[in-house]
Amino acid sequence: FPAVTGIVADARSIPLEDAAYGLVTSQFGVEYAGPEALDQAARLLAPGGALVVLMHIRPGLIYDECRASLDAVRRMQRAKFVERALQFFEAGFAAVRGADRGPYEKAGLALNPAIEQLESILDDHGEDIAGGAISKLYTDVERIHTRIQHYEPSEVIEWLQTMSVELDAYAERMASMCEAASDKKAFRGTRKRLKAQGLTIVRSEPLLPAGQSLPVAWILRARRED
């Protein structure tokens with residue numbers, strides 16, 4: 001897109017000219033920056049300009065999915081599955097090389113409750129929860145365990161350490177989304193804030209996909225009068 005100029009800025013303090021843009025839009029973005037970002041969006045609109053926004057809604061399909069994924073990952077983290085799997089494989093690789101099997105067996109006993117917790121999570125939420133990451137982690141650990149002598153220890157350890165970091169980041173994203181989602185009261189506040197900035201609300205309602213009982217977003221369209 002050679003004609004597009006991109007900028008990186010705080011959405012609560014956008015370094016662009018007042019009343020200079022015919023269209024300001026956000027798809028699941030502005031709500032993460034808080035109400036000040038809406039003030040900035042309104043400030044940028046030229047007379048006759050339109051503001052079109054999709055915002056996370058609570059309750060809703062996306063919100064419920066993210067909340068369930070967050071619950072699943074946090075339960076797994078509380079069970080210390082990755083941490084105990086690391087200890088299990090470190091001891092297991094040592095045992096394969098001829099070390100005492102005692103630590104390996106002890107680490108296996110410590111891992112068992114975490115495995116049971118993962119099985120409970122998958123029973124409660126299904127195998128697709130958290131984008132399938134928990135189910136895949138569960139099956140990969142089992143596969144490596146059954147063929148441990150065929151794996152490179154450093155690669156397995158690095159993989160689990162990476163998974164730990166990625167799951168932490170994923171949980172933070174899910175928590176951020178859940179926090180950013182607006183219920184009816186909060187969305188009324190959004191409308192009121194935009195009206196205070198001189199905008200006329202043209203459309204504001206839940207966006208409900210065909211055949212669904214829950215919406216996926218708030219859709220809001222406003223304009224600044226000429």
Side-chain angles (χ1 to χ4, degrees), residues 1-74 129-131 133 165-226:
F1 300 98
V4 174
T5 298
I7 63 168
V8 177
D10 189 330
R12 298 164 297 182
S13 180
I14 300 174
L16 296 173
E17 185 180 351
D18 291 357
Y21 299 90
L23 174 65
V24 176
T25 185
S26 170
Q27 178 174 305
F28 302 127
V30 68
E31 62 267 45
Y32 288 95
E36 297 87 356
L38 289 167
D39 298 341
Q40 288 289 297
R43 176 184 66 80
L44 296 175
L45 278 183
L51 172 67
V52 183
V53 176
L54 285 178
M55 301 176 68
H56 285 301
I57 188 171
R58 176 173 54 191
L61 287 172
I62 298 174
Y63 173 81
D64 286 358
E65 180 181 336
C66 291
R67 185 176 60 172
S69 293
L70 178 61
D71 172 70
V73 172
R74 283 182 169 169
I129 195 66
V165 172
E166 290 181 353
L167 286 166
D168 285 345
Y170 181 82
E172 289 179 9
R173 291 197 301 273
M174 295 300 99
S176 179
M177 181 274 148
C178 290
E179 183 178 347
S182 297
D183 58 15
K184 290 182 179 179
K185 181 178 180 181
F187 190 65
R188 285 197 297 269
T190 295
R191 288 168 44 93
K192 183 177 180 180
R193 195 173 189 104
L194 291 175
K195 288 179 179 179
Q197 296 290 332
L199 272 60
T200 300
I201 305 298
V202 177
R203 181 185 180 189
S204 62
E205 60 186 350
L207 183 62
L208 188 67
Q212 296 290 340
S213 60
L214 286 174
V216 294
W218 291 110
I219 184 167
L220 188 150
R221 182 180 177 93
R223 70 170 182 266
R224 185 174 297 285
E225 302 297 339
D226 294 327

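All values derive from a computational prediction rather than experimental measurement. Numbers here are sequence positions counted from 1.
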Derivation of the side-chain contact (heavy atoms from CB on, under 4.5 Å) call for Thr25 and Val53 | CA-CA 5 Å; Thr25 185; Val53 176; 6.0 Å; no

Chi angles and distances behind the side-chain contact (heavy atoms from CB on, under 4.5 Å) call for Ile57, Tyr63 = CA-CA 7 Å; Ile57 188 171; Tyr63 173 81; 5.9 Å; no

Does the side chain of Leu16 reach to within under 4.5 Å of the side chain of Ile7, using non-hydrogen atoms?
-> yes

Passing option when Ile201 is tested against Arg223, Arg221, Lys195 for side chain to side chain contact (heavy atoms under 4.5 Å, CB included) | Lys195

Smallest heavy-atom separation, Ser204 atom then Phe187 atom, equals CB-CE2, 3.7 Å

Between CH2 on residue Trp218 and CZ on residue Arg191, distance to nearest 0.5 Å = 9.5 Å

Mark yes when over 12 heavy atoms from residues, nucleotides or ligands other than Gln212 sit less than 6.0 Å from its CD; otherwise mark no.
-> yes

Lys/Arg N to Asp/Glu carboxylate O, Glu65 vs Arg67, below 4.0 Å | no

Tell me, yes or no, whether the heavy-atom count around Glu17 atom CD, taken from other residues, nucleotides or ligands under 6.0 Å, exceeds 12.
-> no

Where do Arg74 and Ala175 come nearest, in terms of heavy atoms and distance?
-> NH2-CB, 3.8 Å

Ser69 versus Ala130, closest heavy-atom pair with distance | OG-N, 3.2 Å

Is any side-chain heavy atom of Pro209 less than 4.5 Å from a side-chain heavy atom of Leu61?
-> yes

Any pair with a residue in residues 37-58 that passes side-chain hydrogen bond (donor to acceptor under 3.5 Å, both in side chains), sequence neighbours left out, goes on the list, sorted by first then second residue, please.
-> Asp18-Arg43, Tyr32-His56, Asp39-Arg193, Asp39-Gln197, Gln40-Arg43

Going through the checks in order, is the salt bridge (Lys or Arg N to Asp or Glu O under 4.0 Å) test met by Asp183 and Lys185?
-> CA-CA 6 Å; Asp183 58 15; Lys185 181 178 180 181; over 6 Å; no

Give the C-alpha distance, both sets of side-chain angles, the deciding distance and a yes or no for side-chain contact (heavy atoms from CB on, under 4.5 Å) between Leu194 and Leu220.
-> CA-CA 10 Å; Leu194 291 175; Leu220 188 150; 3.6 Å; yes

